[in-house]
Amino acid sequence: MNDFESDWSLLHDAAFNGHLLSLHKLIAKGYSVNLSTLDRVTPLHGACLQGHVLCAKHLIENGANVNVATVDWNTPLFNACSRGNTACVNLLLQKRAEPQGANDLASPIHEAAKHGHTDCIELLVKHGADIDYQVKHLGSPLYVACLGQHLESVTKLLQSGANVNSGKHLDSPLHAAAQNSRPDFVRVLLAHDADVNIRNAEGKQPRDLAPPNSDVEKLLRQGEGPTSLMQICRRSIRKDLGRARLSEVFGLPIPAELKHFLLYK
């Protein structure tokens with residue numbers, strides 16, 4: 001059969017529902033693995049959305065395009081990230097799926113950050129996704145994770161070298177944490193040297209957005225003091241190493257406690 005179909009096919013149905021045996025039989029009968037609906041949805045999109053990694057693997061082995069995009073620019077990788085289907089994300093990246101996605105409207109790392117799928121974020125960064133990728137209507141992945149209040153994802157992004165002050169336009173992640181009144185987020189951001197004096201488009205600092213007399217406001221006021229020597233040293237070492245070489249800290253001939261300090265563990 002041709003690569004383009006107007007309707008949801010039997011192959012789409014088998015992939016979406018994880019019916020591996022049916023998928024085998026349909027492909028053997030001559031169904032193209034790249035069959036596409038009018039919205040350009042392929043069987044691989046469905047398999048990855050639902051987390052059916054064996055179906056996705058069989059489709060790819062038979063020639064499915066791992067970077068095909070729907071009319072909304074959703075790739076199979078974007079779909080897998082939206083549901084936190086780590087096995088599918090790993091498979092797609094190993095098969096050379098583009099970690100940055102096909103368009104800013106469907107960025108896999110932003111989608112993973114939005115839903116707090118930390119393992120997906122880790123795999124994307126490992127395979128070359130830009131950890132500070134700016135999308136005009138979303139901002140940075142770190143900002144998206146702060147807005148969504150996913151602390152584990154925020155921590156992973158920062159440990160992986162994300163720019164702590166990179167947000168959306170002039171709003172920083174610290175602005176988002178203050179506005180959400182989340183002291184736990186504020187502590188993590190401050191520990192990674194977030195700028196407490198940064199101003200947004202309205203000229204407001206993060207503490208201006210915090211509820212009066214709240215724990216968040218107190219933390220932000222404390223953060224206005226001088227940076228400790230330990231923080232300055234850590235910042236300097238991490239800067240000299242660069243984001244791509246942070247993992248080399250584990251190989252340094254220094255105590256484990258110091259390694260953990262440098263990596264914010």
Side-chain angles (χ1 to χ4, degrees), residues 1-131 133 135-138 141 144 148 153:
M1 297 182 70
N2 294 328
D3 281 359
F4 294 94
E5 284 284 326
S6 60
D7 299 315
W8 188 260
S9 71
L10 292 174
L11 197 67
H12 284 86
D13 191 68
F16 185 84
N17 290 296
H19 297 157
L20 184 58
L21 183 58
S22 297
L23 203 66
H24 274 271
K25 291 179 179 179
L26 290 167
I27 293 173
K29 285 182 179 179
Y31 275 76
S32 169
V33 292
N34 289 307
L35 272 173
S36 175
T37 67
L38 289 175
D39 290 331
R40 296 189 217 157
V41 176
T42 67
L44 187 58
H45 282 103
C48 292
L49 183 69
Q50 295 298 95
H52 301 309
V53 67
L54 293 179
C55 289
K57 184 173 184 290
H58 189 63
L59 287 165
I60 294 170
E61 287 173 346
N62 283 274
N65 182 354
V66 296
N67 288 309
V68 64
T70 67
V71 292
D72 296 319
W73 298 104
N74 294 356
T75 61
L77 182 60
F78 177 89
N79 280 6
C81 287
S82 72
R83 296 287 182 87
N85 295 326
T86 310
C88 286
V89 171
N90 190 42
L91 171 68
L92 290 164
L93 290 169
Q94 288 181 350
K95 297 299 183 180
R96 300 180 182 268
E98 172 52 55
Q100 215 65 50
N103 188 280
D104 283 357
L105 293 176
S107 163
I109 194 168
H110 285 81
E111 188 68 6
K114 174 183 175 182
H115 296 288
H117 298 317
T118 307
D119 290 341
C120 294
I121 292 172
E122 188 171 8
L123 285 168
L124 289 165
V125 172
K126 180 181 177 182
H127 284 83
D130 183 356
I131 202 169
Y133 188 45
V135 172
K136 188 175 181 180
H137 65 289
L138 295 174
V144 170
S153 294

Give me the atom names and distance for the closest heavy-atom approach of [X] to [Y].
X	Y	value
A106	W73	CB-O, 3.2 Å
T118	S153	OG1-OG, 2.9 Å
C88	C48	SG-CA, 4.1 Å
G63	N34	O-ND2, 3.2 Å
P141	I109	CG-CG2, 3.8 Å
P108	C81	O-CB, 3.7 Å

- Item | With V68 via side chain to side chain contact (heavy atoms under 4.5 Å, CB included) - residues at least two apart |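 In terms of side chain to side chain contact (heavy atoms under 4.5 Å, CB included), with neighbours along the sequence ignored, V68 is linked to T42, H45, N65, P76.
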Nearest 0.5 Å please: distance from the [atom1] atom of [X] over to the [atom2] atom of [Y].
X	Y	atom1	atom2	result
Q94	L123	CD	CG	9.0 Å
Y133	L124	OH	CG	13.0 Å
D72	T75	CG	OG1	12.0 Å
N74	S82	CG	OG	7.5 Å
H137	S107	NE2	OG	8.5 Å
L59	S32	CG	OG	10.0 Å

[X] side chain to [Y] main-chain N or O, any donor-acceptor pair under 3.5 Å?
X	Y	result
N90	T86	no
N103	L105	yes
H110	D104	no
Q100	D130	yes
H12	V41	yes

State, yes or no, whether a side-chain contact exists between [X] and [Y] at a heavy-atom distance under 4.5 Å.
X	Y	answer
V71	D39	yes
N85	V53	no
H58	N62	yes
D119	V89	no
H19	L21	no
R83	L49	yes
V33	L44	no

- Task: Let me see the working for L77 and V66 under side chain to side chain contact (heavy atoms under 4.5 Å, CB included), right down to the final yes or no.
- Result: CA-CA 8 Å; L77 182 60; V66 296; over 6 Å; no
- Item | Salt-bridge contact E122-K126 (side-chain N to carboxylate O under 4.0 Å) |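 No salt bridge links E122 with K126.
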